[in-house]
Each structure stands twice: as C-alpha cells, then as structure tokens.
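Encoded as structure tokens, the structure appears first; notes follow it.
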Amino acid sequence: MSFMIAQSTQHARIWIASIACTCRTSSRSYQTGKVLRMPRKPGAETAKALEVRQRALQMTEAQNADLHMRKWQLISAVCLERPPVVSAPLNEMERSFAALLDKQEFETSWLSDHELTKLQEAGKAKRKKKQQDAEEDVAQEDAAVKETAQDLEDKWNENFQKFAPADRTTEADQRNDVKSLNRKLDRKLYLVVNQQLGDAPQWVFPQGPWQNGESMRQTAERVLHAHCGETMKCSFLGSVPFGFCKYKYPVESDIAKEFYGAKVFFFKALLNRNSANVTPSEDIKDFKWATREELEQTVIPKYFNRIERFMYEFNYASLRVNETDHDTLFKLRY
Amino acid sequence: MNALRNIFQRLGASGLLLSPRNCPSNLNVATRAAEPAGSTSFHNAATNNFWMTSPLCAEPLKKKKRIDPAVLKAREERKKRRLEKTIRQLAKNAQKLKPIDEMVVSKKLLQEEGLRKRKLQPLGEEEEDRRALLSKSWTRYKGYQYLAEQDKLTTMMLSQQTALRELRAESEDLFQQAVSLEGLSLPFTLKGPVFTPPKPDYVSPDGDYVDISRKW
C-alpha cells in the first residue's frame with residue numbers, strides 16, 4: 001500500500017513553489033484550462049523554471065489536449081494531535097490573580113475545627129505554664145495527654161512528605177527527544193513527518209491519495225495507519241475536513257500527465273492516552289512530535305499558513321503580561 | 001354396629017346414659033346406668049357396655065358483654081382522629097424537600113460565629129487599590145482572551161467551509177459522505193489535563209469505601 005502511495009505522489013518535487021496562494025484564482029484557471037504557470041515577478045524566473053516552461057511549450061498539440069482533461073488528485077492528510085497531559089503553567093497575570101483569590105478566600109473563611117482546637121490547646125498550654133510556675137507539683141494529672149492538634153499536623157506532614165508526585169518535565173524534555181510522546185506534557189503536540197513526495201522528502205502531516213470507493217475520512221485513517229503503524233490508537237474528530245491546501249505538480253513529472261495537481265484535505269485526530277508511538281513506513285524518513293512553534297520552524301511557511309488556520313491553540317503560559325502592564329494584553333490577539 | 005348405635009341413641013335420649021362430660025373429649029364413652037345385677041359400677045361394667053357418643057361440634061356461647069354505646073362512639077372517634085393525624089403528617093412531609101447538606105449551615109457553627117471569625121488586620125488603602133486594579137486588568141485579560149478565541153474559531157470555521165467547498169467542487173458524493181453524521185463518535189470525552197503527570201508504577205493504597213450519605 002505504501003508503495004502505491006509512493007508511486008502516485010512521485011514527481012511532486014517542486015510542489016512547495018506552487019502551493020496555490022488563493023484557491024479561487026487557481027480553480028478558475030483550471031476550469032478554463034489555462035495551466036501555464038507564470039512567475040510572480042518579471043525577471044524572477046530561474047533557469048530551471050525557464051527550462052520547464054520551454055519544455056512545456058514544446059509539447060505537441062495532442063499532449064496539450066490531454067493536459068486539459070486532467071483532474072486534481074485528491075489527498076487526505078491527518079493532523080494527529082497528542083492532547084496535553086498536564087495543565088499549562090500560569091503566566092504572571094494568572095499567578096497574581098490566583099494569589100489574590102487565595103488570599104480573599106482565606107480572609108473570608110472561618111476557623112475550621114482543627115484550627116479551633118489548635119488555638120484552644122495553645123491557650124490551655126499557656127495557662128498551664130502560668131499555673132506550673134505558681135505551684136510546681138499540681139499539674140501532673142494531664143501527663144497522659146491525647147494527641148494534640150500540632151501532633152496531628154506533624155503526622156500529616158510526615159505522611160505527605162512520603163509521597164513525591166511525578167515530575168512535570170520528563171527525561172525526554174531533558175534529552176530534547178522530539179520523537180518521544182512523553183515530551184512537553186503541558187503542550188499540544190502535532191505529528192509531523194518527513195514524507196517522500198515526488199523526488200524529495202518534505203515535512204508535512206502524514207498524507208496519501210484517495211482511492212476509489214473510499215470516503216475522504218477513510219482515506220485519512222488508512223493513510224495514517226499505513227505510514228505510522230497499525231498499532232496507533234486515535235480518534236478522528238468527525239468526517240468533515242478541517243482544512244485545505246492545494247499545489248500543482250511540475251509539468252515535466254510523470255504524474256502531471258494524469259493529474260493537474262493535488263488537493264489536500266486535512267482531518268484532525270486525537271491520539272489516545274495508551275497508544276503506541278509511530279512506527280514509520282519506508283516513505284517516512286523521519287518524524288517529530290512538535291509543538292506549534294516547532295511546527296512553524298519545521299514546515300515551509302506557506303504550508304504552515306494553511307495548517308495554522310485550524311490549529312486551536314493559545315500558548316497563554318508564554319505570554320508576558322503582568323498586572324500593571326495593560327497594553328501588552330493586546331498580544332493575545334495574534 | 002349401626003343397630004347398636006341406634007339402640008344407644010334411643011337410650012341416651014331417654015336420659016339413661018351417663019353424661020359424656022367426664023370422658024375424654026372426642027372419644028366420648030358412655031355406660032348404661034341401669035344394668036343387670038353385679039355390673040352397676042363403672043369399673044366392673046362389661047366391655048360391650050362402652051360406646052361412642054355422637055361428636056359435639058359446638059360450645060355454648062359466652063355471655064355477651066354489654067358496652068356503653070357512648071364509649072364505643074368515643075373509641076371510634078379516637079381511631080378516626082389518629083388516622084387523620086397520620087395523614088396530615090404524611091401530607092406535611094411530602095412538601096418538605098430533601099436537604100442539601102452543603103447549603104445548610106449547622107446551628108452549632110452559627111453559634112460559634114464569634115469564636116470562628118478570623119481576627120485579621122484591616123487592609124490598607126494601598127492594598128485595596130492594588131486589588132481593585134488587579135481585578136480590572138484581570139477582566140481585561142479575560143476579555144481579550146475571549147476575543148482571541150472567538151477570532152480563532154471564526155478562522156477555523158472559514159477554513160472548514162473552504163475545504164468543504166473544494167471537496168464539493170471535486171465530487172458531490174465525497175461531500176455528502178463528509179457531511180453525513182455517520183462515524184461521528186459522540187458523546188466525546190477527554191480526560192485531563194492534570195497538574196502532575198500520572199506515575200506509571202504507582203499503586204494506590206487500599207481502603208474501605210464507606211458510604212455515609214443519608215437515605216431519604
């Protein structure tokens with residue numbers, strides 16, 4: 001199966017350059033059959049692009065007619081997400097407000113039973129001491145006193161010290177192991193793979209072409225399991241694609257004889273807690289569990305622009321806002 | 001046997017038989033009072049002078065106690081009143097709602113109000129100002145957060161609309177499959193996040209589960 005995908009996505013070598021900027025203009029040019037790709041700026045044409053264009057012009061009339069009949073290749077891609085395991089740390093603003101709430105809660109609360117006994121015992125001890133100073137030998141009857149509130153507190157503290165919670169930063173964080181599922185527990189992680197598309201591998205979400213008889217969601221599920229291993233357990237969020245991007249195949253490639261370009265539909269899936277990690281197929285040269293920022297560094301900007309639209313994430317913890325700095329609150333609206 | 005019984009019945013009717021009162025209850029035995037000489041006593045009576053009497057299936061009625069009708073009426077009245085009281089009580093309880101323990105402040109606690117209130121220093125003017133300003137900037141912060149999230153949601157919906165439009169342009173069938181509700185795993189639940197990650201080798205201590213909630 002993976003071999004088939006490799007075949008069909010071959011020759012998408014310069015797809016990066018041709019991710020459609022606006023869908024509307026591209027589809028219109030497709031419908032009218034005008035498939036000539038013009039360089040953006042005059043003079044920006046590289047030697048390579050010039051060669052490609054010249055070769056396209058040399059094609060026979062018949063070949064050209066065939067080209068006009070070509071279709072878009074439908075492709076499903078999966079944005080697989082590992083949900084955060086631990087809560088995000090608080091930023092300065094959130095910390096100050098949480099502290100205020102804590103303080104207010106303490107101030108409005110009444111003394112608990114335990115606090116009351118502790119206070120009473122403290123008062124009793126004081127009185128006793130005074131009495132003892134006066135007459136030394138009297139206060140022997142209370143020698144076998146029951147556990148005091150302070151004793152209880154000490155016992156509870158000791159018990160609490162015995163339990164050490166797991167660390168919020170893991171070993172994978174220290175090693176900066178981007179392949180580990182156990183990294184950056186407070187963030188959403190996205191699976192991004194270095195997939196063979198055409199001649200060169202590209203950093204993308206795992207993707208593959210649609211086959212007859214499938215729905216796009218079924219394609220997405222098949223593709224994910226074919227590329228990343230059958231043991232991965234994840235739940236897809238509905239059958240409706242979350243995002244879309246398209247790119248044209250280079251004219252000189254084999255696949256361009258059949259397809260005009262690729263239309264990629266993105267589906268979202270959440271990784272289950274007990275799922276295995278990725279076991280990459282031959283097509284996958286490398287993979288990463290990346291945060292949003294790391295994803296931005298990894299994939300090409302145009303691709304990121306497309307996927308960023310359906311990534312619901314706000315990294316409030318990284319915001320530098322404090323209680324007095326009101327203007328920087330606008331940073332939120334990025 | 002039947003012939004014998006007839007004879008004895010006739011004798012019994014003429015009052016010649018001993019009363020059955022002295023004999024065991026069911027097996028009433030009687031002897032002939034007047035017998036030939038030499039067999040007049042019970043002990044030396046001939047065996048065939050013993051016979052069954054017919055069973056007595058009833059007992060004379062006890063004498064009925066006369067009760068004053070006024071007392072009877074009073075008794076009836078009392079019974080009726082008791083029943084009415086129970087009904088009233090039940091009706092009253094039906095309106096009573098099950099108390100929510102968290103909402104009910106115990107009387108003991110209310111009595112100890114003076115004892116339990118914390119004795120704190122009053123906040124200075126400076127602290128009060130700081131708190132007021134912090135609350136205001138917190139409100140602003142949350143407001144902007146809300147706007148940012150709404151923006152993001154709009155972008156996401158637009159992205160999805162674009163994807164659906166493009167899919168429909170390619171194939172109506174695929175579009176219909178995408179928007180159908182099949183394969184929708186609802187209700188969807190997600191656990192977490194928590195403050196510290198779970199410990200993989202942690203065995204939680206054993207304990208007894210005691211349900212102390214009251215029954216109503």
Side-chain angles (χ1 to χ4, degrees), chain A residues 23 27 71-72 74 83-88 93-94 96-97 100 104 106-107 109-112 115-116 165-168 170 182 185-186 210 215-217 235-244 246 263 265-266 270 273 306 309-310 312-314 316 321 323-326 329-330 332-334, chain B residues 109 112-113 115-118 120 123 130-131 133-138 140-145 147-149 151-153 155-156 158-160 162-167 169-171 173-186 188 190-200 202:
Chain A
C23 325
S27 56
K71 286 179 178 171
W72 288 93
L74 299 182
V85 180
V86 302
S87 53
M93 177 62 132
E94 288 163 342
S96 356
F97 195 69
L100 174 62
Q104 278 178 340
F106 175 77
E107 283 162 5
S109 71
W110 287 7
L111 291 171
S112 69
E115 281 171 309
L116 209 60
D167 226 347
R168 281 166 60 91
T170 59
N182 217 18
L185 295 180
D186 58 331
W210 170 78
S215 71
M216 291 308 279
R217 150 122 182 232
S235 35
F236 272 74
L237 304 181
S239 314
V240 184
F242 276 79
F244 166 78
K246 62 179 171 187
K263 276 189 173 186
F265 295 91
F266 294 99
L270 293 182
R273 196 52 75 78
R306 285 310 165 103
R309 292 181 191 182
F310 58 84
Y312 190 79
E313 186 168 2
F314 304 92
Y316 293 130
V321 282
E323 51 180 296
T324 50
D325 184 10
H326 307 307
L329 286 172
F330 282 108
L332 273 170
R333 295 193 86 174
Y334 57 76
Chain B
L109 213 61
E112 290 177 346
E113 186 180 349
L115 200 64
R116 283 180 186 265
K117 275 225 164 133
R118 291 180 195 279
L120 297 161
L123 300 173
R130 193 191 77 84
R131 285 187 183 191
L133 285 175
L134 178 54
S135 301
K136 281 183 183 177
S137 31
W138 175 255
R140 259 196 296 274
Y141 174 69
K142 290 313 273 184
Y144 287 130
Q145 231 175 40
L147 289 178
E149 278 161 23
D151 279 3
K152 185 79 232 187
L153 281 177
T155 319
M156 281 177 84
L158 282 174
S159 166
Q160 194 158 56
T162 315
L164 278 176
R165 202 174 52 233
E166 290 290 337
L167 188 60
E170 285 305 315
S171 156
D173 279 352
L174 287 178
F175 171 79
Q176 291 301 342
Q177 277 169 353
V179 295
S180 77
L181 294 179
E182 270 169 48
L184 206 62
S185 48
L186 287 175
F188 176 76
L190 194 63
K191 274 190 183 172
V194 288
F195 186 68
T196 54
K199 289 170 114 177
Y202 183 71

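A note on names: the letters A, B, ... follow the listed sequences, proteins ahead of strands, and every chain is numbered from 1.
Proximity to chain B is absent for every atom of Asp186(A), based on heavy atoms less than 4.5 angstrom apart. The contact between Arg168(A) and chain B is made by backbone and side chain atoms together, counting heavy-atom distances below 4.5 Å. Contacts of Ser135(B) with chain A are made by both backbone and side-chain atoms, with heavy-atom separations under 4.5 Å. If you measure heavy-atom distances from Phe175(B) to chain A, you find no contacts under 4.5 Å at all. Looking at Glu115(A), only its side chain comes within 4.5 Å of chain B, counting heavy atoms on both sides. Residue contact with chain A, scored on non-hydrogen atoms closer than 4.5 Å, is absent for Leu158(B). Of the atoms belonging to Phe265(A), it is side-chain heavy atoms, and not backbone ones, that fall under 4.5 Å from chain B. In this structure, the portions of Ser109(A) lying under 4.5 Å from any heavy atom of chain B include both its backbone and its side chain. Using a 4.5 Å cut-off between heavy atoms, Leu181(B) makes no contact with chain A at all. Residue contact with chain A, scored on non-hydrogen atoms closer than 4.5 Å, involves the side chain of Glu112(B) exclusively.
Looking at Arg118(B), its side chain does come within 3.5 Å of a backbone N or O of Phe106(A) through a donor-acceptor pair. In terms of modelled atom types and a separation under 3.5 Å, the side chain of Ser159(B) and the main chain of Phe242(A) share a donor-acceptor contact. For Arg116(B) (side chain) and Leu111(A) (main-chain N/O), a donor-acceptor pair under 3.5 Å exists by modelled atom type.
Taking 4.5 Å as the limit, some side-chain heavy atom of Leu123(B) sits within range of a side-chain heavy atom of Glu107(A).
Classified by interplanar angle (parallel below 30°, tilted 30° to 60°, perpendicular above 60°), the ring pair Trp138(B)/Phe97(A) is parallel.
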